[in-house]
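Report on the structure given below.
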Amino acid sequence: MSREARYRAIARELGRRIESGELPPGERLPTEDALAERFGVHRLTARQAMVELRRAGLVETRHGLGSFVRRVQRRIEVSIDPVTRRHRRVDLEGLATVFAGGEEILGRALVEHPAGARHLRVAGEEVYEITTLLRSEGSPCVLSRYRLPPEHADLVCDPDLGVLGSLEAGGVSYRYTWHAISADLADLADQAALALDAGAAVLVREGLVVHGDEPLCHVERRCRADLISFVTRYDRPGD
């Protein structure tokens, strides 16, 4: 059998084990030398098989650590009622299942953030910022920053409700006025909180929440682009 046919056969065998779940996401794969010995081939053949798996998006190689089964990107769908501009409750309940454990509070403090202050129309440049982390299946996925007017510094946050849910539980209704989605490279805070390498991609989802007509919260979510994608639906119930 030719080397080309052999490396493809090895890639198909490993790919089948990955797709069946026999090799779960995050599983470290054998080294090229170990694969070569297992399948009775030259190391270059084993290397070509790994290249095929990376091209198929099934495997990722981490410098100095080895090759690992890639986690499947989780598609998060939320629906926004165009009248109330609120997430549907059924979607929020679904997200609570995905991100079991609720929002972990990483920090809260008065910070200088000129852009956030402009969005909130507060005097000066100081806002009250609450930083949280969401995990899915144990992996850190979403780093959120909620920027509020300083008078909300005494907000009591329930991890199961999240920051916005805690505001509502305290009698403060809200709705979104806009969303913006962009891509960015992971900064030092992203790398530390989301376990990302320098230069990794993050999905940035930003929005402004209001109470009545008054700005209430500037929300910035930084998501691992290899684990999370968002689909936002703007429709009416039953559409």
Side-chain angles (χ1 to χ4, degrees), residues 1-79 91 94-101 103-104 133-144 181-205 221-233:
M1 183 180 290
S2 70
R3 176 185 296 175
E4 180 179 16
R6 189 62 176 140
Y7 82 75
R8 285 181 175 164
I10 295 171
R12 280 197 302 273
E13 169 62 19
L14 292 174
R16 180 193 63 76
R17 295 176 63 192
I18 290 171
E19 291 172 347
S20 70
E22 183 180 345
L23 293 174
E27 179 86 359
R28 188 177 187 277
L29 296 177
T31 64
E32 292 173 359
D33 285 337
L35 285 174
E37 182 177 354
R38 178 182 300 179
F39 289 98
V41 297
H42 193 277
R43 182 182 177 185
L44 290 178
T45 304
R47 178 175 298 176
Q48 286 177 302
M50 295 303 296
V51 169
E52 286 291 297
L53 291 171
R54 284 195 293 272
R55 284 176 179 167
L58 297 175
V59 166
E60 61 182 353
T61 298
R62 302 173 192 169
H63 183 68
L65 296 176
S67 295
F68 297 80
V69 177
R70 189 174 181 181
R71 290 182 173 86
V72 177
Q73 188 181 54
R74 184 180 288 275
R75 179 180 168 121
I76 304 299
E77 293 203 20
V78 293
S79 297
D91 291 315
L95 290 177
T97 301
V98 171
F99 300 116
E103 283 192 298
E104 176 186 347
L133 183 67
L134 290 172
R135 300 176 185 271
S136 178
E137 298 176 352
S139 297
C141 293
V142 182
L143 179 66
S144 298
I181 297 176
S182 61
D184 197 4
L185 298 179
D187 59 23
L188 292 176
D190 298 327
Q191 293 170 40
L194 298 175
L196 290 171
D197 294 328
V202 291
L203 175 68
V204 183
R205 190 168 182 262
R221 305 191 192 280
R222 299 178 68 85
C223 314
R224 282 187 55 160
D226 61 330
L227 296 181
I228 298 291
S229 69
F230 278 100
V231 177
T232 303
R233 301 188 183 279

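Heavy-atom basis, side chains included; hydrogens, waters and symmetry copies ignored.
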Partner residues of D184 under the side-chain hydrogen bond (donor to acceptor under 3.5 Å, both in side chains) criterion, sequence neighbours left out: R222

Answer yes or no: is there a donor N or O on one side and an acceptor on the other, between the side chain of R6 and the main chain of F39, under 3.5 Å? yes

More than 12 non-hydrogen atoms from neighbouring residues, nucleotides or ligands closer than 6.0 Å to CG on L188, yes or no? no

Identify the two heavy atoms, one from L53 and one from A11, that lie closest to each other, and give their separation to 0.1 Å. CD2-O, 3.4 Å

Residue list, salt bridge (Lys or Arg N to Asp or Glu O under 4.0 Å) with R47, at least two apart or on another chain: E32

Value rounded to 0.5 Å, distance of CG in L133 from CD in E103: 9.5 Å

Just wondering, do E37 and P30 contact through their side chains at under 4.5 Å, heavy atoms? no

Using the side chain to side chain contact (heavy atoms under 4.5 Å, CB included) criterion, which residues pair with A189? Sequence neighbours excluded. R145, D187

Say you draw a straight line from OG of S139 to CG of L134; how long is it, rounded to the nearest 0.5 Å? 12.5 Å

Could you go through the side-chain contact (heavy atoms from CB on, under 4.5 Å) check for L29 and V69 one step at a time? CA-CA 7 Å; L29 296 177; V69 177; 4.0 Å; yes

Search all heavy atoms of L58 against all heavy atoms of G15 and return the closest pair with its distance. CD1-CA, 3.9 Å

Using the side chain to side chain contact (heavy atoms under 4.5 Å, CB included) criterion, which residues pair with D33? Sequence neighbours excluded. T31, R43

Check whether any side-chain N or O of R224 sits under 3.5 Å from a backbone N or O of L194 as a donor-acceptor pair, and report yes or no. yes

Which residues pass the salt bridge (Lys or Arg N to Asp or Glu O under 4.0 Å) test with E13, not counting sequence neighbours? R16

Reported SG-to-CZ distance for the pair C141 and R221, which is rounded to 0.5 angstrom: 13.0 Å

Nearest heavy-atom contact between V202 and L196 is CG1-CD1, 3.6 Å

Taking the side chain as C-beta and beyond, is there a heavy-atom pair between L14 and L35 under 4.5 Å? yes

How close do P140 and R135 get, counting heavy atoms only, and between which atoms? CD-NH1, 3.8 Å

R28 and G66 have their tightest heavy-atom pair at NH2-CA, 4.2 Å

If every non-hydrogen atom of A49 is compared with every non-hydrogen atom of Y7, which pair is closest and at what distance? CB-O, 3.5 Å

With sequence neighbours excluded, give me every salt bridge (charged side-chain N to carboxylate O under 4.0 Å, His left out) pair touching residues 56-65. E60-R62

